[in-house]
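Every chain is numbered from 1, with letters handed out A, B, ... down the list of sequences. Side chains included, hydrogens not; waters and symmetry mates left out as well; all remaining heavy atoms used.
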Amino acid sequence: MQQYLLTILILLPAVGALAVGLHGSAPYARAQHYRWIALGFSALTFAVSLLLLGAPVGLGAGGTFHFVQDLPWVESVGAHYHLGVDGISLWLVLLTTLLVPVSILSSWTAIEKRELAFYASMLVMESAMIGVFVSLDLLLFYLFFEASLVPMFFLIGVWGGDRKLYAAIKFFIYTAVGSLLMLAGIIALWYAFGTFDYAQILAALQADPHRLTAEWAFWLFLAFAFAFSIKIPLFPLHTWLPDAHTEAPTAGSVILAGVLLKMGTYGLLRFNFALFPEQARNFAPLFVVLAVIGIIYGALVAMVQPDVKRLVAYSSVSHMGFVVLGMFSFTEWGMQGALYQMLNHGVSTGALFLLVGMIYERRHTRQIADFGGLSKPMPLFATLFVFTALSSVGLPLLNGFVGEFLIMFGTWNTGFVYLFWVGERAFHLNTWVVTMLAATGVIWAAVYMLWMLQRVLFGRVTNEKNRRLADLNWREIGLLLPLLALMVFMGAYPRPFLERSRASIEQVRARVVAGETQGVFSAAAQESK
Amino acid sequence: MFTIPLFVLFGAMAVGCALAMVAQRNPLYSAISLIGVFVSLACLYMTLQAPFIAAVQVIVYAGAIMVLVVFVIMLLNVEEEVRRPVRLRFLVPVGVLLAAILIGEAAFILKLPGAASRIDAFGQRPSDVGLTASIGTALFTEYLLPFEVTSVLILMALVGAITLARRTATPRLAAPGNVDTEPPELGPRGEVFIRPGDTAETGRAFARHQLQRGEAAASAKRTGEEGER
Amino acid sequence: MIPLSWYLALSAVLFTIGVVGVIIKRNVISMFMCIELMLNAVNLTFVAFSSYFGDVTGQLFVFIVMTVAAAEAAVGLGIVIAIFRNRESLDVDDASVLRL
Amino acid sequence: MNLSFAIPLSAPDVNFRLLLPELILSVTGVVVMLVDAFTGRSQRRATATLSLAGLAATAWATLWLWPSAQGADTRAWGGMIVLDPMRLSFTLVFLIVAALTVLISAIWVEWEGLPAGEFHTLLLFATVGMMLMASGNDLVMIFLGLEILSIATYVMAGFRKNDLRSNESSLKYFILGSFSSAFLLYGIALVYGATAHEVSAQPQASGALAQHVILAGTTNISAIAERVNDGLYPPLLFAGAAMLMIGFGFKIASAPFHVWTPDVYEGAPTPVTAFMAAGPKAAGFAAFMRVFLLAFPFVAASGQMRSTGAQLHDAWLGALWILAVLTMTVGNVVALVQTNVKRMLAYSSIAHAGYALVGFVAAGAADSAHQTDAVAAVVFYLLAYAVMNLGAFAVVTLIARSGDRRTDIEDYRGIGFDSPALSLTLSLFLLSLLGVPLTAGFMGKVMVFSQALGEGYKWLVVIGVLNTAISVYYYLGLIVVMFFRERTTEWRAPRIPTTLAVVLVLTVAGVIYLGLFPGRVINAFRAVQPIAVSSLR
């Protein structure tokens, strides 16, 4: 049973999609049936995924994986059907299985056309996303990574907003181009190691770190990092995100922000750090700078957005910048915080998109100017909105705080000096500068969020249409509740999360910081701990 | 020996006829020039001690293929080419390039080094390879399979030529399985224009048209019904 | 005696004339005749090699090429007749239905 | 001149076993013709059924020959026919293409009111031609196979005689096809001359000539490979190889010899286009690879000088590299601006020829141990391409309906949810052509690109990947048109006839099977290495 658990998790939603499709040909099929089938299967998937928590608390220690299934797949090229979870992927799988039923529930009345295709796409996507996080074979990983693209493309393109075509094509082309380069990298790895199996490649690298020449490692790191940076998205590659987020239907935005972006950071942790540690060190200054630019830029652009959804989208750029910053601090604090922030972002931003979707469903507009004083007709909505926004901003005792605090604490404490070479001249970038700059991002976040809240929720009701809006119904409260509960729980008691991921994070960290002392970054490093 | 003047004479004739063929704008004159090329080549084959090929050249090329070409030209009454700017522009650089390479190759061949003289020495001898007997012998031993496969080729050409050149029945009106939403085009007096490839709707309209004009035959009615399916 | 290279060069010249003809001619039948010229140039090469070598293979090849040329002629002229039935012109520039 | 001959006829090397697949199919073709002639128009279905049966029997014969591809008895008919895994795997691809085309055309000939018997005869003989191209070990066989294929295809392209587009397509294909054949033939002639070597004349020949040593060129592929180093006319060898490359380049529609492709593909009836894009292209690759890999291999010299064989090998490999890059780029870039689906798929087929050429380059550079893998990768790619391409064209046939009238991209607008079966399968094929994982196209690309990387062609792979990125736009464009745009005109979903449903099910299953479990197929394809290589090194 143990070894089939992950396969079952991948297959359950796929079977659900099939069931939705088959039901469509039944004579008594009604449009309302599909959402029930989809909800049933995704809830079942969530329930099954909870079994993953049965893994021991210190899972991932010594680089081991749990619930491993390893079968030969394409023998001629040495590809395996190799699945497994460790402390990193465990939480991301759970996040996925939680967000999918929530977003299906959120589409209950919002989706009014082509229900069959919509719910089938959602379930197919869930399969692919779970597959991404549990694959331990590069080819399999790539397969799921790309497969998650297609249903998302349809979600945006068919059920999206006014500029859905533009957004869908931009989304697909950006991510497909990045992942194609990664494919070239994966094939190059196959050429070097004769296998696609992650564990085997890692073992070979640990046995002989010089198996890959520095030049190859350099290009391979770039190929992988490029694909993942687009997905995250890192600062200059982020332009697809606001469009995709804004035009996607609510469920699509939730999944996009909650899970798809995490594939990028997860990929960096899993592949770039573990396979090319030395290059990760060398590239750290670049990534740190881009992350900080992303944090500040995302926050500043969010501030001037007239569209609520676009504002939330830009806040994602800022938040994901924190994640990247934490990862490249190479400290336990920072990296743990990065993982924690991934979960936070999934929960908080997901909830924000849900809330935005709810008022959009009522008013069919997302312009801040169209709202104002919503707290009067919709007190419950206003309360939950404020609560979620505060969690996203990072109010102490809520989840956002823990993540951002850990990241900044970790970054401050690296004591590393990032060294740049511009021609012959070296520039030093002290980490406290980086941390201070990133910290301003938190302040900006408070500014844009609170300002938005003020304009949308408080003050006088300026638009007559807003006066008679109905408050949240039970379904909407029900789907927000688990997320709100998580915000509080993760803010107050992070230990169960952190202790399960510690060993795995430590594995990755050890791989990056230990070893040879070559490279710009570690040459200038002075451990202060 | 006479071979050098013979080569010069027939070689010049071949090139001249070939140039004339390309220069002519009337296809009929081109065809006649081409026959000139074929005949001069046949003569060159004689100088190369290949009497069988020379004979076949005259019989098959000049006798059969060119007669067919001339026949088609006469049958279709092909007009003269009109001079106008070249529209196959993309082929022009390719053509110039190819021609340059080929001319370069011809020049190169004329100055072939080394081995040429040895081969030329072989060429001095009288040879029996060009005789019908040796060709026939080889054709039924070593080249048996290609020879047999040629029969498939000729069969194919037969079937193909007949399929293409045979006149077909009237244009089809409708076919089962075709649905279409385009209304048929009506002429000024309400008649239906039937174009190749027209389908159910046209068929139906045509059937109606025939019914109205009292021309309805059983077949037309059935056509209409098939369109409904 | 004539050197072999003379024959080869003559053949290359004829082939070139054929290639140029195919490219500059507008009339389908003329283009077809230029292709026939190219095939004849090849035949000359084969026969020249064959008879200078004293090896029969080249002449067998010529025999087969002639068969192929005849078959191509039959099909090609069939196509020409089919197209002429639908359109009273053989000028390829009149190929207005398809872009070229 | 001695006219009294007494040459004893040595018995020809007859071997029907090795020629069994070709024989079965030729006989089927003749039988189909006879059945058609004697049953009349009422028995349309009979010829299709008969053709399928014949193709199945041929496939059985091919599989039956498979185990003996390794033994000693792999040449027959005086070296004209060879039996190796390359031939057999290509033959299987051709048979699959032919069978799917028969299924697609079965209903189409009824729609169009065309003579089914002739169509199936031509199709079967075209397949025989393709098989001869793959099995021929002598340039004369390859040339004859090519001509049989071409002549049948010229006619098939012009099969809708009343349609001007079909006529013109046929005409253009004919002119440019014969044009390229002439180049091929010139290449053969030059190679024949360049490989001349001295042999002692037949002792049986009577007369004074018997004592002479004669020269003999060769068109046999294995023999050419043995003589590339010591031919009498090395420069001619280069010229001949260049001419052969031009000739084959036309046949596989590689840039810059691709100019005929879009027009011919657009104008030809859709099922024929499907066949042309999958079958003759694969056959062109079969012959191209056999000639260049096996006749012009890398042959090291014994002395200090770089040998002719090595120079020739470098030269054609370099040219092929350029050809691959050009073909991929031209195909993908021009496909971006197309407004007609068939034309777009035509340019896409050019681009796919480029990807396959990448594998070909890898096969050319590989040593004998890896060459089998690379060849198998190319055949796998062509198989994957054939399956997804035929599937896509089956949908296009159905949507275009009789007369090929609905082939503009605009005609596909908004049909996604009204004809979900058609548009979803078409999307699957487009995604597969694009190379999205879980599909055959992805595995094909992985195989080909990994072989190229294995031989160190970093930049070729990078260019290939960038090209794939370009192709995202137009494949996706069609999906976008189908699903994301609203239809402005009325659309009545066409009924899917049984035979086409069978085609769609088979191709979808094929695309997914090859995308998920390519292992068995690729292992079968690379069972043994091509014979001439093993004997050479």
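Between A:Tyr166 and D:Phe484, the distance separating the two ring centers is not shorter than 6.0 angstrom.
If you measure heavy-atom distances from A:Ala168 to chain D, the contacts under 4.5 Å come from the side chain alone. Proximity to chain D is absent for every atom of A:Phe144, based on heavy atoms less than 4.5 angstrom apart. With a 4.5 Å cut-off on non-hydrogen atoms, A:Phe154 touches chain D through its backbone and its side chain both. If you measure heavy-atom distances from A:Leu183 to chain D, the contacts under 4.5 Å come from the side chain alone. For D:Arg520, no part sits under 4.5 Å from any heavy atom of chain A, backbone or side chain. When heavy atoms are compared at a cutoff of 4.5 Å, A:Ala176 approaches chain D solely by way of its side chain, counted from C-beta outward. Neither the backbone nor the side chain of D:Leu424 comes within less than 4.5 Å of any heavy atom of chain A. Contacts between A:Ala192 and chain D at a heavy-atom distance below 4.5 Å are absent for every atom of the residue.
Ranked by heavy-atom pairs under 4.5 Å with chain D, the first of A:Ile169, A:Leu165, A:Val177, A:Leu181 is A:Leu165. Counting heavy-atom pairs closer than 4.5 Å to chain A, the top residue among D:Asp373, D:Val480, D:Leu476 is D:Leu476. In terms of heavy-atom pairs under 4.5 Å with chain A, the best-connected choice from D:Ser450, D:Ser427, D:Ala376 is D:Ser450.
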Starting from the C-alpha separation in whole Å, work towards a yes-or-no answer on side-chain contact (heavy atoms from CB on, under 4.5 Å) for A:Trp190 and D:Val446. CA-CA 10 Å; A:Trp190 171 82; D:Val446 169; over 6 Å; no
Going through the checks in order, is the side-chain contact (heavy atoms from CB on, under 4.5 Å) test met by D:Phe483 and A:Arg114? CA-CA 11 Å; D:Phe483 283 99; A:Arg114 323 220 191 278; over 6 Å; no
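Other residues, nucleotides and ligands contribute more than 12 heavy atoms inside 6.0 Å of the OH atom of A:Tyr81. Heavy-atom neighbours of A:Trp219 CH2 from other residues, nucleotides or ligands within 6.0 Å: at or below the threshold of 12.
Proximity to chain A at a heavy-atom threshold of 4.5 Å picks out D:Val465, D:Thr468, D:Ala469, D:Val472 from residues 465-472 of chain D, in numerical order.
Taking the side chain as every heavy atom from C-beta outward, A:Leu139 and D:Phe442 approach each other to under 4.5 Å.
Atom CE of D:Met443 and atom CG of A:Leu143 lie 6.5 Å apart (nearest 0.5 Å).
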Pairs of donor and acceptor atoms involving the side chains of residues 429-439 of chain D, under 3.5 Å and at least two apart or interchain, shall be tabulated with distances.
| from | atom 1 | to | atom 2 | distance (Å) |
| --- | --- | --- | --- | --- |
| D:Ser432 | OG | D:Gly441 | N | 3.1 |
| D:Thr439 | OG1 | D:Val436 | O | 2.5 |

